[in-house]
Amino acid sequence: MSKSLFGKIVLFVASIIWGLAFVFQRKATGDLGTFTINGTRFLLGALVISPFLFIKRNYNIKEAIKGGLVTGFFLFLATNCQQYALIKANSGHAGFITAQYIILVPIFNFLFFHKRISRNVIIALIMSFFGLYLICGLSDLNFDFNDFFLIACAGLFSFQIIYIDIYSTKVEPVILSFFQFLVAGLTSMVMAFFFDTISLEALSNSMVSILYLGVMSTGLAYTFQTIGQRDVEPTVASIIMSLESAFSLLFGFLVLHEVTGPKELLGCLVMFVAVILAQL
């Protein structure tokens, strides 16, 4: 198996894990504040992969810390902008705007790093955009003030993806992930002490959600992102990862019994075709 194929597979698995994470995010939001959710999940994620600090000893600690500071900072801003916006925003509307990192990644890569993209990938991007529109079930695209947080989230996730691409070739991916989680977790918890009401009872009620978000969605899936992006071009990686929208729809139907119509199913099909086209 080639490194590129392996990278695409782990990114695909990450998108499945993130799709299910949507269910647990919805459940945790009722009990915990925005910063508390992200602070606990990222610190738990860092704890889960911390043994690799001692297993993999031959790494550049300065580059690891530098990469962790940059990617962790963007991850902290992106996830908290998203979580804050979700308090008021329609989930489909929010998912559509947030997932526009699939468009922003190649644009930012071209503007700031002069990286060109192939014709097939451009077509795949257009198809992904259309597929996301169908999946999110939008009847209009009227923007309000809350949407600026979602637009910021999409832009911030774009830079997180781009800088993961840069640093994953310089630092062992699991080590980079540890410092990324540590930075995002600590900054979120500092903000939580100022802006959230932290309750042990609320944490206990959301324990299952926090465990999934921390161990699976953060510790495993975000580390898979770092591993996968080492050998996959960031624009293609963003298209694969955007499948989380399709999987969130699937798990919403299976777990939360949310209604899924033919338009949403068509959107899923369009996105899967787009992912295949991007590989050609």
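Values below: all heavy atoms of this structure, side chains included; hydrogens, waters and symmetry mates excluded.
Under the 4.5 Å side-chain criterion, counting only non-hydrogen atoms from C-beta, Arg116 is in contact with Phe110. Using a 4.5 Å heavy-atom cutoff, the side chains of Ile16 and Phe251 are in contact. At least one side-chain heavy atom of Tyr101 sits less than 4.5 Å from a side-chain heavy atom of Ile161. In this structure, Phe130 and Ile126 have side chains that are not in contact, with every pair of non-hydrogen atoms separated by 4.5 Å or more. At a threshold of 4.5 Å between non-hydrogen side-chain atoms, the residues Leu156 and Phe76 do not count as touching. A heavy-atom distance below 4.5 Å is found between the side chains of Glu63 and Tyr167. Side-chain contact between Val190 and Leu186 is absent, with no heavy-atom pair separated by less than 4.5 Å. Counting heavy atoms from C-beta outward, Thr223 and Pro173 have side chains that stay 4.5 Å or more apart.
Taking all atoms of both residues into account, the shortest heavy-atom contact from Ala221 to Ile17 is CB-CG2, 3.9 Å. Phe108 and Gly155 make their closest contact through CE1-O, 4.0 Å (heavy atoms, listed as atom of the first residue, atom of the second, distance). Across Gly228 and Leu11, no two heavy atoms sit closer than the pair CA-CG, 4.0 Å. Contact record, Ser158 with Leu104: OG-CB, 3.1 Å, taken as the closest heavy-atom pair. Minimum heavy-atom separation, Leu243 to Ser15: CB-OG, 3.9 Å. The shortest heavy-atom contact between Gly67 and Leu176 is C-CD1, 3.5 Å.
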- Message: Applying side chain to side chain contact (heavy atoms under 4.5 Å, CB included) to Phe6 and Ile227, what does each step give before you reach the verdict?
- Response: CA-CA 9 Å; Phe6 176 76; Ile227 293 170; 4.0 Å; yes

- Task: Please report the C-alpha distance between Phe247 and Phe12 in whole Å, then the side-chain angles of each, then the deciding distance to 0.1 Å, and finally whether the side chain to side chain contact (heavy atoms under 4.5 Å, CB included) criterion is met.
- Result: CA-CA 10 Å; Phe247 287 118; Phe12 181 77; 3.7 Å; yes

- Query: Would Val208 and Phe24 satisfy side chain to side chain contact (heavy atoms under 4.5 Å, CB included), going step by step from the backbone distance to the final call?
  - Reply: CA-CA 8 Å; Val208 174; Phe24 292 100; 4.0 Å; yes

- Are Val171 and Asn60 close enough, and set up right, to give a side chain to side chain contact (heavy atoms under 4.5 Å, CB included), and what steps lead you there? CA-CA 7 Å; Val171 182; Asn60 188 327; 5.6 Å; no

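Side-chain N or O atoms of Ser206 include none that pairs as donor or acceptor with a backbone N or O of Leu203 at under 3.5 Å. No donor-acceptor pair under 3.5 Å is formed between the side chain of Asp196 and the backbone N or O of Ile198. Of the possible polar contacts, one joining the Ser199 side chain to the Ala202 backbone as a donor-acceptor pair under 3.5 Å is found. Between the Glu172 side chain and the Val174 main chain, no donor and acceptor come within less than 3.5 Å of each other. Between the Thr79 side chain and the Leu75 main chain, a donor and an acceptor come within less than 3.5 Å of each other. With hydrogens and angles disregarded, a donor-acceptor distance shorter than 3.5 Å links the side chain of Thr187 to the backbone of Val183. The backbone N or O of Leu213 sits less than 3.5 Å from a side-chain atom of Thr218, completing a donor-acceptor pair.
Remark: Phe52 CZ is loosely packed, at most 12 non-hydrogen atoms of other residues, nucleotides or ligands lying under 6.0 Å away. Taking a 6.0 Å sphere around CD1 of Ile55, one finds it holds more than 12 heavy atoms contributed by other residues, nucleotides or ligands. With a 6.0 Å radius and a threshold of 12 heavy atoms from other residues, nucleotides or ligands, Phe113 has its CZ atom above the threshold.
Phe73 has its ring centre no less than 6.0 Å from the ring centre of Phe159.
For Tyr222, the ring-ring contact (aromatic ring centres under 6.0 Å, His included) criterion is met by Trp18, not counting sequence neighbours. Residues passing the ring-ring contact (aromatic ring centres under 6.0 Å, His included) test with Phe193, sequence neighbours excluded: none. The salt bridge (Lys or Arg N to Asp or Glu O under 4.0 Å) search around Asp31 returns none, not counting sequence neighbours.
For the residue pair Arg41 / Ser217, a side-chain donor-acceptor distance below 3.5 Å is found, with atom types taken as modelled. For the residue pair Gln225 / Gln180, no side-chain donor-acceptor distance below 3.5 Å is found, with atom types taken as modelled. Residues Ser168 and Thr226 have side chains that never bring a donor and an acceptor to within less than 3.5 angstrom of each other. In this structure, a donor-acceptor pair under 3.5 Å is absent between the side chains of Asn80 and Thr34.
In this structure, OG on Ser238 lies 8.0 Å from CD on Glu233, to the nearest 0.5 angstrom. Put simply, CG on Leu77 and CD on Gln82 are 13.0 Å apart, with the number rounded to the nearest 0.5 Å. Taken from OG in Ser188 to CG in Asn38, the straight-line distance is 5.0 Å, to the nearest 0.5 Å. Distance CD/Gln83 to OG1/Thr36: 10.5 Å, rounded to 0.5 Å. Note that CD of Gln229 is 9.5 Å distant from CD1 of Ile240, once rounded to the nearest 0.5 Å. Residue Leu47 holds its CG atom at 8.5 Å from CZ of Phe178, rounded to the nearest 0.5 Å.
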